[in-house]
K.L.:
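Pasting in a structure now, in structure tokens, and then I'll have a few things to ask.
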Number of protein chains: 2
Amino acid sequence: METRERIMVEALDLFAERGYGETSLREIAERIGITKAAVYYHFKTKDDILNGLLDSMGQQIDAIIEWGNDQPRTPETRLEVVRRYAAKIREGAKVMRFLHENQTALRHIDAGARFRERMGRLHVLLIGETPDLAERLRALAAILTMHAGWMLREEHASSDKEMSDAILELASKLVTDKI
Amino acid sequence: METRERIMVEALDLFAERGYGETSLREIAERIGITKAAVYYHFKTKDDILNGLLDSMGQQIDAIIEWGNDQPRTPETRLEVVRRYAAKIREGAKVMRFLHENQTALRHIDAGARFRERMGRLHVLLIGETPDLAERLRALAAILTMHAGWMLREEHASSDKEMSDAILELASKLVTDKI
DNA sequence: GTCTATATAAAGATAGAC
DNA sequence: GTCTATCTTTATATAGAC
């Protein structure tokens, strides 16, 4: 694996495990067996590593949102958005868990702020034309469930598929008024 | 207000706004107009401030859990636990938001680890005797909704009561199988 | 109870050798 | 592409004066 990629892998691991602000470039470098200076060759700043990390996932989420924006605002559309979003999360579970559990630290970083905007647009996609507060709250609950539901995977689910199905079922009910 | 209390107020504000690891004692001291050394007079370490901050809320949550443990494991008990928990969160919304949005940073701090254990015990209280994965997930969704639901307060709710009612209603449905 | 002064360690970042 | 060496800033924390 190339160094740049290894930095991103180990950085995500440390960011998710210890927190963004609590992780130093020294730790990242040590894990790989290179020096801090070598990290700076591949990334201009620490924030830049985070940017790289969130870039791919961000683009994929944007694609879902774009697709949703072109569809009629029906429960069926909301369902399909949930399906696509849940599938993406399943692929990038670690990134999403990191984003979910480090909101405060990310608020003042460009990449984090962009993620928050994205979540806002996703939220809008998951509500009807004239939503009441209850509907907005259900949409939020659906997003939170998709983000954090995988917490239960190890202890309470026997397979990824079982976990994924359970998450998708609950999120779907939440955005289609079946509650 | 006494200095010790002012430190806790400003610390919570900064921790919630910028993150725990991203907040320095210097910043806390500056906000109050005292020096770092003065902060060290009132608290032995930075973690100690956090401990003080979570102590009161932690005890109150423990009381709810204790009460719940003495009750039969019925949907009615779950409902009452949700009611009591939602009410506590409403009082200490800022602390709870901080806890919810800084999970990673708190994982390796005593006070934070204790909070996570508490959440585990609360989770158990909100499920039946032989829960399936779907039920566990609904209980998790209920907790997440209570923790993060207040995010919608400013933009989408006209009053604290309206917000509180909406959160309580959704959380109640989630733990009583009405979904 | 709050201060000055300082110790000590570690952070992010850069310059330039190899 | 990775290193050594170094800069600058900031962090947590302590000792001791007032």
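Computation of the quantities below employed the complete heavy-atom set of this structure, encompassing side-chain atoms and omitting hydrogens, waters and symmetry-equivalent molecules. First the proteins, then the strands, lettered A, B, ... as listed; each starts at 1.
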K.L.:
Where is the tightest heavy-atom contact between B:H123 and B:A139, given as atom of each residue plus distance?
P.N.:
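Taking every non-hydrogen atom into account, CD2-CB, 3.5 Å.
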K.L.:
Measure CD/B:E22 against P/C:dG12 and give the value in whole Å, please.
P.N.:
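In whole Å, C:dG12 P and B:E22 CD are 11 Å from each other.
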K.L.:
When the nearest nucleotide of DNA chain C is assigned to A:K44 and to A:S24 on a heavy-atom basis, which residue is associated with the more 5' position?
P.N.:
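Per heavy-atom nearest nucleotide, the more 5' residue is A:S24.
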K.L.:
Five pairs at each end of the helix from C:dG1-D:dC18 to C:dC18-D:dG1: take the axis at both ends and give me the angle between them to 10°.
P.N.:
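Helix axis angle between the two ends: 10°.
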K.L.:
If you take all heavy atoms of B:A171 and B:M146, which pair is closest and at what distance?
P.N.:
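Taking every non-hydrogen atom into account, CB-CG, 3.9 Å.
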K.L.:
Of all heavy-atom pairs between A:I49 and A:I28, which one has the smallest distance, and what is that distance?
P.N.:
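The answer is CD1-CD1, 4.4 Å.
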K.L.:
Among A:K44, A:R114, A:K46, which one satisfies side chain to side chain donor-acceptor pair (under 3.5 Å) with A:N51?
P.N.:
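Considering A:K44, A:R114, A:K46, a side chain to side chain donor-acceptor pair (under 3.5 Å) with A:N51 is found only for A:R114.
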K.L.:
Is the phosphate of C:dA10, meaning OP1 or OP2, less than 4.0 Å from a side-chain N or O of A:R26?
P.N.:
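Negative; the distance criterion is not met.
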K.L.:
Rounding to an integer number of Å, can you tell me how far B:E30 CD sits from C:dT2 C1'?
P.N.:
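Distance, rounded to whole Å: 16 Å.
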K.L.:
Step through it carefully: locate the ring centre of A:Y85, locate the ring centre of A:H147, and say whether they are under 6.0 Å apart.
P.N.:
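Yes; A:H147 has its ring centre under 6.0 Å from that of A:Y85.
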K.L.:
Ring pair (Phe, Tyr, Trp, His ring centres under 6.0 Å) with A:F15: which residues, sequence neighbours excluded?
P.N.:
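By the ring pair (Phe, Tyr, Trp, His ring centres under 6.0 Å) rule, A:F15 matches A:Y20, A:F98.
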K.L.:
Please list every donor-acceptor pair under 3.5 Å in which a side-chain atom of residues 53-63 of chain A meets a protein atom from a residue at least two apart or in another chain.
P.N.:
| residue | atom | partner | partner atom | Å |
| --- | --- | --- | --- | --- |
| A:S56 | OG | A:Q60 | NE2 | 3.1 |
| A:Q60 | OE1 | A:K88 | NZ | 3.2 |
| A:Q60 | NE2 | A:S56 | O | 3.4 |
| A:D62 | OD1 | A:R118 | NE | 2.8 |
| A:D62 | OD1 | A:R121 | NH2 | 3.4 |
| A:D62 | OD2 | A:R118 | NE | 3.3 |
| A:D62 | OD2 | A:R118 | NH2 | 3.1 |

K.L.:
Rounding to an integer number of Å, can you tell me how far B:K46 NZ sits from D:dT10 C1'?
P.N.:
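These atoms are roughly 12 Å apart.
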K.L.:
Rounded to whole angstroms, how far apart are CD1 on A:I7 and C1' on D:dT2?
P.N.:
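To the nearest whole Å, that distance equals 11 Å.
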K.L.:
Given atom CD1 of A:I28 and atom C1' of C:dA13, what is their separation to the nearest angstrom?
P.N.:
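In whole Å, C:dA13 C1' and A:I28 CD1 are 14 Å from each other.
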K.L.:
Establish, with yes or no, whether the OP1 or OP2 oxygen of C:dT2 is under 4.0 angstrom from a side-chain nitrogen or oxygen of B:Y41.
P.N.:
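B:Y41 to C:dT2 OP1/OP2: no side-chain N or O under 4.0 Å.
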K.L.:
Between atom OH in B:Y40 and atom C1' in C:dT4, what is the gap in whole Å?
P.N.:
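Distance, rounded to whole Å: 16 Å.
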K.L.:
How long is the line joining CG of B:L25 and C1' of C:dT2, in whole Å?
P.N.:
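So the CG-C1' distance, B:L25 to C:dT2, works out to 16 Å.
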K.L.:
Is any side-chain N or O of A:T35 closer than 4.0 Å to OP1 or OP2 of D:dC3?
P.N.:
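For A:T35, the contact criterion (side-chain N or O under 4.0 Å from OP1 or OP2 of D:dC3) is met.
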K.L.:
For A:I49 and C:dG12, what is the distance between atoms CD1 and C1' respectively, to the nearest whole Å?
P.N.:
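Atom-to-atom, A:I49 to C:dG12, this comes out as 11 Å.
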K.L.:
For the side chain of A:K36, starting at C-beta, report the closest nucleotide among D:dA13, C:dT2, C:dA13.
P.N.:
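That would be C:dA13.
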K.L.:
Using a cut-off of strictly less than 4.0 Å, decide whether B:T3 has a side-chain nitrogen or oxygen near OP1 or OP2 of C:dT2.
P.N.:
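So the side-chain polar atoms of B:T3 do come within 4.0 Å of the phosphate oxygens OP1 or OP2 of C:dT2, strictly under.
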